[in-house]
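Keep in mind that this is a model prediction, so the values were computed, not measured. Atom set for the values below is all heavy atoms of this structure, side chains included, hydrogens, waters and symmetry mates excluded. To find a chain, count down the sequence lines: A is the first, B the second, and so on, and within it residues start at 1.
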2 protein chains.
Amino acid sequence: MLEVNPQPESGPAPSDQRAGVSIAEAARRTGVSVHTLRYYERAGLVAMPVGRTAGGRRRYHQIDLEWIVLCTRLRATGMPIKTIRRYAQLVSAGYGNEQERLALLEAHRAEVAARLAEVRENLRLIDRKIDVYRGRLDADTAVGAGPDAE
Amino acid sequence: MLEVNPQPESGPAPSDQRAGVSIAEAARRTGVSVHTLRYYERAGLVAMPVGRTAGGRRRYHQIDLEWIVLCTRLRATGMPIKTIRRYAQLVSAGYGNEQERLALLEAHRAEVAARLAEVRENLRLIDRKIDVYRGRLDADTAVGAGPDAE
DNA sequence: CTAGGATTTAGAGCGTGCTCGAAGTCAATC
DNA sequence: GATTGACTTCGAGCACGCTCTAAATCCTAG
C-alpha cells in the first residue's frame, strides 16, 4: 500500500511563485511517487485537470497538491480507486450533487468504522495469544512444558 | 479481501464423529471457500497437515478448523500470507521457538496498532468533510452558494 | 454395476494498485 | 548548437490474494 512520506518544506520553495511546481516537486511534497501521480491522473482521481506548461509539462498548484493529499487520505482508509474516481467526478461536476458526495463519504465512513471494529476485535485475540506466549515464556523452565495447543 | 461468513452449526453435525468433516463442511464452518481452504494449504498456512481418507479426501478435525479460523483472524488484521506461513512453520516446528512466535505476533500487533491510529486519524478528516457537506446542505438555499473548495 | 455429485491436483486467470520501461520531447547549461 | 536530465505517453509488468477450470478420482445411492 503505497508509502506516503511527504517531505517537510525546507528553503525558499523551488520556483513556486505563480507557476506551480514540477511533478517531481509535487511528488516530494505529497509523498506520492511521480509514477503514482501520473497513474492517479490517468485513473481519473484528479478531477480538476492539472495545469501544463507550453511544453506540456504538468504544473501543480496548491489546490492540486491538496487534492492529491486528500486522495492519499481516502486511500489510507481503504477507499478503492474506483470510489475516489466517482467522488472526483462528482466534485468536478460542480454544485448540485452535494447529497451524493455526502452519501458516498458516509457510506465509506460506515465501512471504515466496521473494519475498525473488526480489526480491533481480532487484535484482542492476538493480544491474548501474545499473553499466552508471554506467560509460557515466563514460566519457561518451570513445569515440563505446558499444554499442547498451537 | 475474502469474506468470512461461518455458518452457525445447526442440526446434529453431518457425520462428525471421530472421522472429521469434509472440505465442504469445513468451508461452511469456517466461512472460507473450499478453493481458499486448498489454497491456504498449498500456500503453507496449514502447518499440521489435514488428515486424509483412504481415498485421499481431506478430513478436517476440530483443531484444523480452529487453526483455519485463526488464519482468518490474522488475515483480517492484515497479516500477509507470507507471515502466516512463517508463523505456521514455527508452530509446526514444535517447542523451542516460542520467543520467535512471540516476536512475530508482537511485531504484527505493532503494525496493526499503527495502522489503526492512521486510519482513525484519516477518518477524523473524512468526518470533518462530512460535517462540511452537512452544514452546506442544511444551509442549502440560504446564501447563493458557499466558497468553492472541494 | 452405474450414475452423479463431491473431491482431487496443477495450473491458469483475475482484480487491485501500483511500478517500471521504452521511446520520444522539453529545457537549462555549456 | 549540443549535451544532459527531467518530463511526456502508453503499455507492460508485478505482487498479492484469491478464484476458477479441467481432467481425473472417489464414493454414495439406486
Side-chain angles (χ1 to χ4, degrees), chain A residues 1-5 14-15 19-46 49-60 64 68 71-88 108 111 115, chain B residues 1-5 14-15 19-46 49-60 64 68 71-88 108 111 115:
Chain A
M1 164 148 303
L2 176 61
E3 279 297 318
V4 174
N5 286 126
S15 60
V21 300
S22 72
I23 193 171
E25 180 62 16
R28 205 187 56 72
R29 293 196 192 178
T30 59
V32 177
S33 80
V34 296
H35 290 303
T36 303
L37 281 175
R38 289 193 278 248
Y39 163 66
Y40 279 1
E41 207 173 312
R42 268 193 292 173
L45 302 203
V46 185
V50 173
R52 299 287 181 128
T53 67
R57 271 86 191 281
R58 292 175 181 80
R59 305 261 58 180
Y60 289 83
D64 300 317
I68 300 290
C71 287
T72 68
R73 308 297 199 178
L74 295 174
R75 288 289 306 121
T77 57
M79 183 182 284
I81 297 289
K82 267 187 184 175
T83 308
I84 303 183
R85 171 165 50 230
R86 175 85 189 117
Y87 184 63
H108 180 60
E111 276 171 37
R115 274 202 306 109
Chain B
M1 165 148 300
L2 177 62
E3 278 297 319
V4 174
N5 285 127
S15 61
V21 300
S22 72
I23 193 170
E25 180 63 16
R28 206 187 56 73
R29 292 196 193 178
T30 59
V32 177
S33 79
V34 296
H35 290 302
T36 303
L37 281 176
R38 289 194 278 249
Y39 163 66
Y40 278 1
E41 208 172 312
R42 268 193 292 174
L45 301 204
V46 185
V50 172
R52 298 289 181 129
T53 67
R57 269 85 191 279
R58 292 175 181 80
R59 305 260 61 180
Y60 289 84
D64 301 316
I68 300 290
C71 288
T72 68
R73 308 296 201 181
L74 294 175
R75 287 290 303 120
T77 57
M79 183 181 285
I81 296 291
K82 267 187 184 175
T83 308
I84 303 184
R85 171 164 52 230
R86 176 88 190 114
Y87 184 63
H108 179 60
E111 276 171 37
R115 274 202 308 110

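At the phosphate of dA6(C), neither OP1 nor OP2 sits under 4.0 Å from any side-chain N or O atom of S22(B). Between R75(B) and dG17(D) there is a side-chain N or O to OP1 or OP2 distance below 4.0 Å. For the OP1/OP2 pair of dC26(D) and a distance below 4.0 Å, the side-chain nitrogens and oxygens of T53(B) include no atom meeting the criterion. At dT8(D), one or more side-chain N or O atoms of R38(A) fall inside 4.0 Å of OP1 or OP2 (strictly under the cut-off). In this model, the phosphate group of dT9(D) is approached by a side-chain N or O of R52(A) to a distance below 4.0 Å at OP1 or OP2. Residue T36(B) places at least one side-chain N or O under 4.0 Å from the OP1 or OP2 atom of dT19(D). Residue Y40(A) has a polar side-chain atom (N or O) positioned under 4.0 Å from OP1 or OP2 of dC18(C). At the phosphate of dC7(D), neither OP1 nor OP2 sits under 4.0 Å from any side-chain N or O atom of R58(A). Taking only side-chain nitrogens and oxygens, S33(A) never comes nearer than 4.0 Å to OP1 or OP2 of dC18(C).
Atoms CZ (R28(A)) and P (dC7(D)) sit 12 Å apart, rounded to a whole Å. Put simply, NZ on K82(A) is 16 Å from C1' on dC18(C), counting in whole angstrom units. Between E3(B) atom CD and dC18(D) atom P the separation is 11 Å, expressed in whole Å. The distance from atom OH of Y39(B) to atom C1' of dC14(C) is 13 Å, rounded to the nearest whole Å. E41(A) has its CD atom 17 Å from the C1' atom of dT19(C), to the nearest Å. In this structure, CG of L2(A) is placed 6 Å from P of dT19(C), rounded to the nearest angstrom. For M79(B) and dC18(D), the CE to P distance is 14 Å, given to the nearest whole Å. Remark: C1' of dC7(D) and CD of E25(A) are 15 Å apart, rounded to the nearest angstrom.
When all heavy atoms of R58(A) and E41(A) are compared, the pair lying nearest together is NE-OE1, 2.8 Å. For the pair G44(B) and A88(B), the tightest heavy-atom approach, listed with the atom from each and the gap, is O-CB, 3.7 Å. The heavy-atom pair separating L45(B) from C71(B) by the smallest distance is O-SG, 4.0 Å.
Partner of Y60(A) under the side chain to side chain contact (heavy atoms under 4.5 Å, CB included) criterion, chosen from V46(A), V21(A), T30(A): V21(A).
Atom-to-atom distance recorded for T72(B):OG1 and E3(B):CD is 11.5 Å, nearest 0.5 angstrom.
Judged by distance alone with a 3.5 Å cut-off, a donor-acceptor contact links the side chain of R57(A) to the base of dA6(D).
Position along DNA chain D of the nearest nucleotide to G55(A) versus G78(B) favours G55(A) as the more 5'-ward residue. When the nearest nucleotides of DNA chain C are assigned to G56(B) and G56(A) by heavy-atom distance, the more 5′-ward of the two goes with G56(B).
In terms of modelled atom types and a separation under 3.5 Å, the side chain of R115(A) and the main chain of T77(A) share a donor-acceptor contact.
The side chain of I23(B) lies closest to dT8(C) when the candidates are dT8(D), dC18(D), dT8(C).
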